[in-house]
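Working notes for the structure below.
Chain letters run A, B, ... following the sequence lines, proteins first, then strands; residues in each count from 1. All of these numbers come straight from a predicted model, not from anything done at the bench.
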2 protein chains.
Amino acid sequence: MRLLVLDYLLKQSAAVSLSDLETYFHRADRITLYRSLKTFEEKGLVHSIDDGSGAVKYALCPDGCSPQEHHDLHVHFFCTRCRETFCLPKSRIPDIALPEGFSAGEVNLVMKGTCNTCRG
Amino acid sequence: MRLLVLDYLLKQSAAVSLSDLETYFHRADRITLYRSLKTFEEKGLVHSIDDGSGAVKYALCPDGCSPQEHHDLHVHFFCTRCRETFCLPKSRIPDIALPEGFSAGEVNLVMKGTCNTCRG
DNA sequence: GAATGCCCTGCAACTGCATTGCACTTTAGC
DNA sequence: GCTAAAGTGCAATGCAGTTGCAGGGCATTC
Ligand SMILES: [Mn+2]
Ligand SMILES: [Mn+2]
Ligand SMILES: [Zn+2]
Ligand SMILES: [Zn+2]
């Protein structure tokens, strides 16, 4: 099952949600798919994306992610038309000036708009 | 009830969630508080913040927000210790380079780390 | 002052997504 | 082949958000 899920992820250009998997693998159990994603995430194969759509999405990690540390510090793009979420590894997150006393850790940056296939 | 909620919001330095309100106004109904926030948001009084904590938080808008358009294009900061979320209106979101064909709309930028009261 | 209508409130119920427990099956190691 | 571990399926739960509906306050109108 996990191999099938991994194969599916490799073919996607956009991030997938659990319900996406559920729709595609309609014969498989929801929980199995859920745990597959969780395991992949733990092992550093995929990273999760909270794009504000209500459902967490997952995408394959770039090379160099380890179980200890995910460095998915790239921008994510959520298309408001097709509701797909894309990783934009080329668009790095710039440094943000913080007020005195604040120390930065992770950053979550999600842009919204229309993607290249949805523009008209 | 709404006046009480508004009064409460005015006294906060951090964004509040629905359950925060629920805890404070323990005699009021959850739904009434929920709808108060929704009404405030519609009218341009508050803006909602998705900080990734699982619960949407709300904070008063800066001057100039209208029912039609919220311009809360500032950075939000989520403290991983006290789990409070702060608006950082001084930290503007820089422009992000997008790939060809992508057009930008809203941006959600949440930084995580420790706030000025939680640093040790 | 009674009737009408609107707005606010409270109760109940429902949805969607995430998560866990437990039993069963399959796989891998010996 | 036997045994332990890993993977899977089913059930149930939790939590945040949301909606429908009915009752109550209040002001306007006749
Ligand atoms: Mn990504
Ligand atoms: Mn804000
Ligand atoms: Zn699109
Ligand atoms: Zn803090």
Margin query: Quick one: does any side-chain atom of B/S91 pair with a main-chain N or O of B/V75 as donor and acceptor, under 3.5 Å?
Written below: no

Note to self: In this structure, how many angstroms lie between the C1' atom of C/dA13 and the CG atom of B/D29, rounded?
What the structure shows: 13 Å

Next item on the list: Let me know the distance between OH of A/Y58 and C1' of C/dC17, rounded to the nearest Å.
Entry: 10 Å

Margin query: Measuring to OP1 and OP2 of D/dG17, would you say a side-chain N or O of B/K38 lies under 4.0 angstrom away?
Written below: no

Next item on the list: From the options C/dC17, D/dT18, C/dT9, select the nucleotide whose nearest atom is closest to the side chain of B/M1.
Entry: C/dT9

Notebook entry, point to check: Within this structure, what is the CZ-to-P distance between B/R2 and D/dG25, rounded to whole angstrom?
Noted result: 17 Å

Notebook entry, point to check: What class does the angle between the rings of B/F77 and B/F86 fall in, given that below 30° is parallel, 30 to 60° is tilted and above 60° is perpendicular?
Noted result: tilted

Check: Can a donor-acceptor pair be found between the side chains of B/S17 and B/D20 at a distance below 3.5 Å?
Finding: yes

Next item on the list: Report the distance from atom CG of B/L18 to atom P of D/dT18, rounded to the nearest whole Å.
Entry: 10 Å

Next item on the list: Would you kindly give the CG-to-P distance between B/L21 and C/dT9, to the nearest whole Å?
Entry: 13 Å

Note to self: Between B/R92 and B/H74 (side chain of the first, backbone of the second, donor and acceptor by atom type, cut-off under 3.5 Å), is there such a pair?
What the structure shows: no

Check: If you find the nucleotide of DNA chain D closest to B/R30 and the one closest to A/I31, which residue's nucleotide is nearer the 5' end?
Finding: A/I31

Next item on the list: Could you state the atom-to-atom distance from CG of A/D50 to P of D/dA16 in whole Å?
Entry: 15 Å

Margin query: Closest approach to the side chain of A/V56, judged atom by atom: which nucleotide of C/dT9, C/dA18, C/dG10 is it?
Written below: C/dA18

Next item on the list: Check whether any side-chain N or O of B/R2 sits under 3.5 Å from a backbone N or O of B/S36 as a donor-acceptor pair, and report yes or no.
Entry: no

Item checked: 5'-most by nearest nucleotide on DNA chain D - B/R35 or B/G54 -> B/G54

Next item on the list: Mind calculating the distance between CZ (A/F40) and C1' (D/dG7) to the nearest angstrom?
Entry: 12 Å

Notebook entry, point to check: Do any side-chain nitrogens or oxygens of A/Y34 fall under 4.0 Å of OP1 or OP2 in C/dA18?
Noted result: no

Note to self: Between P on C/dA18 and NZ on A/K57, what's the gap in Å once rounded to a whole number?
What the structure shows: 11 Å

